[in-house]
There are 2 protein chains.
Amino acid sequence: MKKEIITLKKLAEILNLSISTVSRALNDHPDISETTKEKVKKLAHTMHYIPNLFAKGFRKHRTNIIGVIVPNITHYFTTTIVRGILEEASKRGYRVIISESNNDVKKQTEMLDTMIQFGVDGILASLTKMTRDIDKILPTINTVPFILFDKVSTKIPCTQITINDEEAAFNAVEHLINIGKKRIAIIKEREFSYNSEKRYAGYLRALKEHNIEVDEKIIISVDDISLHQGKSMTNLLLSFKKRPDAIFTITDSAAIGVIKTLNKFNIKIPEDIAVVGFSNNINSTIIEPKLTTIDQPGETIGKTSVKYLIEEIESVTDNITNKMIEIKGNLIIRDSTFKA
Amino acid sequence: MKKEIITLKKLAEILNLSISTVSRALNDHPDISETTKEKVKKLAHTMHYIPNLFAKGFRKHRTNIIGVIVPNITHYFTTTIVRGILEEASKRGYRVIISESNNDVKKQTEMLDTMIQFGVDGILASLTKMTRDIDKILPTINTVPFILFDKVSTKIPCTQITINDEEAAFNAVEHLINIGKKRIAIIKEREFSYNSEKRYAGYLRALKEHNIEVDEKIIISVDDISLHQGKSMTNLLLSFKKRPDAIFTITDSAAIGVIKTLNKFNIKIPEDIAVVGFSNNINSTIIEPKLTTIDQPGETIGKTSVKYLIEEIESVTDNITNKMIEIKGNLIIRDSTFKA
DNA sequence: CTGAAAGCGCTTACAG
DNA sequence: CTGAAAGCGCTTACAG
């Protein structure tokens, strides 16, 4: 079933040229005459010559493969990043190998090792939730160009690409203030997470700049920021004597849980309680009322990550300065905060 | 910054052994004495020897890479398949390279070529919507083991893995009949699509087996089966004198459009009109009422595809019989058809 | 049980 | 402008 494989050697034999010349002709080496080049290229074309990229990569100590690790490939936002990565990588002649850590730190470490062993030219990683033992990751950073995106950690010395969490959250909360809300609750993550902390910081700054007192009671921290937690925390918030008039959650899924619960109790959104999420999931327009949220430009994050990674890979010098890149997220105002 | 690379040669020098012996020791060749093996393995371990898989693959004419092509990586169902593929492939020692065709036939062809050129051991593909010119795909099938999943085409002679579209649709429609519905509309795709046709066939069979007359008026075909089309086709259906009492759509997104429109007109679901989708998207539990639908076990489809592909890759004989594998989807009954 | 040697398909200094 | 040769890191028939 296998077709005969055409190699440089075969072409050389047919053309009565040396392998070196054929190789150089195909690579447009300036030393080779135009006539020879044409001859060689023509034959290569008609015989459907396909260079063996493995031999090439092996020879050049380069594989042109980028390794990508994500915690969960089924998250919509992640897939938009992946799309950006695939597009930019393929445009620049790189292939992409993807692994999913399933938020398992051990798996993540294994995958990093496997990728190194496999000979990827560089790695793009989004960390698992609980990546505390940075020790396991540091060795790989020193082996191969390494960049973090989305779920990052300042403890790891490398270039990191995130959304402008703090500023975007600030804008979201300021929007709530602008529509007249004065008692704004936040639902965030309890465990330290870069994104959650930044968004919380943005929340605090917005309140401060608008002289709104911070009330610890309506700052809710949960272990697992999910639709389910959004529901139960809303129940909690509704049980307070002084109910909030707006709820900002650091993810859309939690925000959807909030809306579902408010709907259940026939609480008017946004009049009684406004809701803002973060991510612009596909779900955010399925729920009624549609959710005001921050659109995270996943494709841009993916493309940018690839750009910086390839820069490191192809850089001739070894002294790379680590950068913190923030991609702008945009507030999308929908019915959950605004009544047309 | 690059660490020194340990090779077989280096190990051999240190141990005063030949490269061949070291290689064999590491690969547990029976000829090598236990003492030597131990010595070699110990040093390899302490020196963190990592075999160069590219050299290995190059030597053995095998890359242990599987190429995967999907039309749209952001679709939830696709990501669950991808998850299954990644898991099964990694378990069997294969890496996965993913490409997204964006439903562009030309891109799809290019990607197939690139993958072949890159030397993947086999390809797993889900086709673009309009893959009519099979000619472009046939050459690759003859070059490398090739399997289709999800979006398949009977015109291509290869093993194909799909959900049991016909049967699942039959079950869905029979369920509607069982809850007392007698005038069941279907929203399907106009252009020939394997999945759509199969689901339509299941619909017809269910009506037939229950002696319900087929009414062409409520068999709606659209170009693009989307939420938006779900909405407009519902408007159309509602304009009929004889309205349907149930709507079966061949995708969840269309079904969600249906529900949104019915909600808008305060039509009771499921009492006045019941709704069934197909896929079990995440969205199907966000919408109210929650959507009855067919759960497609994406992970199983992914794993099964990998299983059959690797079987072909590692098969010694060339005569492989093409199989049509159907993975069972399960009807998930929710509020859009059932009132507890 | 171990080693020398060939070879996978390519690139590239070196020589002419 | 072209060629012979070395070498990337590994495996494996062949020989001893």
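Letters A, B, ... mirror the listed sequences (proteins, then strands); counts begin at 1. These numbers come from the heavy atoms of this one structure, side chains and all, not from hydrogens, waters or symmetry mates.
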B:Lys9 near the nucleic acid: base, sugar-phosphate alone, or nothing, with a heavy-atom cut-off under 4.0 Å?
nothing
Assess, by modelled atom type and distance only, whether the side chains of B:Ser20 and B:Ser23 contain a donor and an acceptor separated by less than 3.5 Å.
no
Within 6.0 angstrom of A:Lys328 NZ, more than 12 heavy atoms from elsewhere
no
Stacking check: are the rings of A:Phe58 and C:dC10 less than 5.5 Å apart at their centres and under 30 degrees in tilt?
no
Describe the nucleic acid contact of B:Asn52 in one word from base, sugar-phosphate, nothing, applying a heavy-atom distance below 4.0 Å.
sugar-phosphate
Take the protein atom CD of A:Glu34 and the nucleotide atom C1' of D:dT2, then report the distance between them rounded to whole Å.
15 Å
Would you mind reading off the distance between B:Leu8 atom CG and C:dC8 atom P, rounded to a whole angstrom?
19 Å
About how many Å separate OH of A:Tyr49 and CG of A:Leu8, when rounded to the nearest 0.5 Å?
3.5 Å
B:Ser18 side-chain N/O to C:dA4 phosphate OP1/OP2 under 4.0 Å:
no
At 4.0 Å (heavy atoms only), tell me whether B:Ser23 reaches a base, stays on the sugar-phosphate, or touches nothing.
base
Distance between P atoms of D:dA13 and D:dG9 (Å, rounded)
23 Å
What is the distance from CG of A:Leu26 to P of C:dC10, rounded to the nearest Å?
9 Å
B:His61 NE2 to C:dC10 C1', straight-line distance once rounded to whole Å
12 Å
Any side-chain N or O of B:Tyr49 below 4.0 angstrom from OP1/OP2 of D:dC10?
yes
For B:Lys56 and D:dC8, give me the distance from atom NZ to atom P, rounded to whole Å.
19 Å
Donor-acceptor pair between B:Asn103 and B:Thr128 side chains, under 3.5 angstrom:
no
With rounding to the nearest 0.5 angstrom, report the NZ to CG distance, A:Lys41 to A:Leu11.
13.5 Å
Is any side-chain N or O of B:Thr36 closer than 4.0 Å to OP1 or OP2 of C:dT2?
yes
Would you say D:dA4 has OP1 or OP2 under 4.0 Å from some side-chain N or O of A:Ser20?
no
Between D:dG16 and D:dT12, how far apart are the C1' atoms? Round to whole Å, please.
16 Å
Nearest nucleotide by nearest heavy atom, which residue falls closer to the 5' end of DNA chain C, B:Lys60 or B:Val22?
B:Val22
Determine the contact category for B:Ile19: base if any of its heavy atoms lies under 4.0 Å from a base atom, sugar-phosphate if only primed atoms, P, OP1 or OP2 are that close, otherwise nothing.
base
Rounded to whole angstroms, how far apart are CD on A:Glu38 and C1' on D:dC1?
16 Å
I need the CG-P distance between B:Leu15 and C:dG3, as an integer number of Å.
10 Å
Reckon A:Thr7 touches a base, only the sugar-phosphate, or nothing at all at heavy-atom distances under 4.0 Å?
sugar-phosphate
What is the distance from CG of A:Asp28 to C1' of D:dC1, rounded to the nearest Å?
15 Å
Checking base pairs now: Watson-Crick or wobble, both atom distances under 3.5 Å. What partners D:dG3?
C:dC14
Would you call B:Lys307 and B:Glu88 a salt bridge, taking side-chain N to carboxylate O under 4.0 Å as the test?
no
